[in-house]
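First comes the structure, then the notes that go with it.
The model shown is predicted, which means the values in this text are computed figures rather than measured ones.
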Amino acid sequence: MDFFTVPRARRAIIYTNIMVFLGQFTGINAIQYYMATLMQQVGFDNKQSVFILLVGGGSLLLGTIPAILYIEKFGRRYLISLSNKSGSQGTYIAGLIVIPSEIYPIYLRLYSMETSDVTLFLCSFLVTYFFAQIQEAMSRIGLTLGFYKGIAVLGWFYQILFMSETKNKTLEEIDIIFSQPTNQLIKENFRNAIVTANDFVCFKWGKAFSPVSESNIFRKENGHKTEMGP
């Protein structure tokens, strides 16, 4: 019942499962499963289509390497956001695995991760099972550039506004973050996004990726906000 009665737990499970839903509905699994068929539809023969499928799978595997190497340096939120827009789905999927495991309360983590796993596989099943019907209804261009890209753009804004950065945060600090009311959390995330974007534009990359300054700013501005209100 804490999922529904404790605001901190409720926010974590809602935010995370919406993120998983949006991530799966970008169509990454469906496109990977139907890659050979899609390549045949655009004119490749069977052998070439299978080869492209292998290349796509290898690219997905290689895409997880940047996440492993840089997720602690660049942070979860911005690495996922950039990979979502740029198409590096291996990095994106790796981030989807890391974030839920960090933001759930410890005493609910086992059950919370089960809900995220169910959401992930259910969405993957739905997108894959109905792929052919959706493609027929929307056309190939409408499905990929319209529906999937539309979900990706929506997910990008969602991650920027609703998902807080957990890099270099202790479990206590993560509890503080998700104990904030939703409107306060959105304002904080939006302000942090503006500051980080400004650092990128001004080539202040050391400041943007500095774990020391980030932690100091967090403790200074958010350390006192421990309310548990809705």
Under 3.5 Å, side chain of Thr170 to main-chain N/O of Glu173, donor-acceptor pair present?
yes
Would you find a donor on one side and an acceptor on the other, under 3.5 Å apart, between the side chain of Arg11 and the backbone of Ile177?
no
Quick check: do Phe162 and Ile18 have side-chain heavy atoms less than 4.5 Å from each other?
no
Could you check whether any side-chain N or O of Asn198 sits under 3.5 Å from a backbone N or O of Ile194, counting only pairs where one atom can act as donor and the other as acceptor?
no
Check whether Val55 and Tyr34 end up in the same hydrophobic cluster, where Ile, Leu, Val, Met, Phe, Trp and Tyr are linked by side-chain heavy atoms less than 4.5 Å apart.
no
Looking at residues at least two apart in the chain, or sitting in another chain, which of them share a side chain to side chain donor-acceptor pair (under 3.5 Å) with Thr119?
Asn17
So do Thr182 and Ile186 actually touch side chain to side chain, heavy atoms under 4.5 Å?
yes
With under 30° as parallel and over 60° as perpendicular, where do the rings of Phe147 and Phe25 fit, or are they tilted in between?
perpendicular
Side-chain donor/acceptor of Ser124 to backbone N/O of Leu120, under 3.5 Å:
no
Kindly compute the distance separating CG (Leu185) from CD (Glu188), expressed to the nearest 0.5 Å.
8.0 Å
May I ask you to test the Cys123-Val20 pair for a side-chain heavy-atom distance under 4.5 Å?
no
Lys149 versus Thr26: any side-chain heavy-atom pair under 4.5 Å?
no
Check for a donor-acceptor pair, side chain of Gln48 on one end and backbone N or O of Asp45 on the other, with a separation under 3.5 Å.
yes
Is there a side-chain contact between Leu122 and Gln24 (heavy atoms, below 4.5 Å)?
no
Any side-chain heavy atom of Phe190 within less than 4.5 Å of one from Ile160?
no
Strictly distance-based, threshold 3.5 Å: is any side-chain N or O of Tyr33 a donor or acceptor partner for the main-chain N or O of Tyr129?
no
Euclidean distance, Lys169 NZ relative to Ser164 OG, rounded to 0.5 Å
8.5 Å
Any donor-acceptor N/O pair, Arg8 side chain to Phe178 backbone, under 3.5 Å
no
Do Ile134 and Phe130 come within less than 4.5 Å of each other through their side chains, counting heavy atoms only?
yes
Mind checking whether Leu38 and Phe131 have side chains closer than 4.5 Å, heavy atoms only?
yes
Looking at Glu114, I want to see if its CD is surrounded by more than 12 non-hydrogen atoms of other residues, nucleotides or ligands under 6.0 Å.
yes
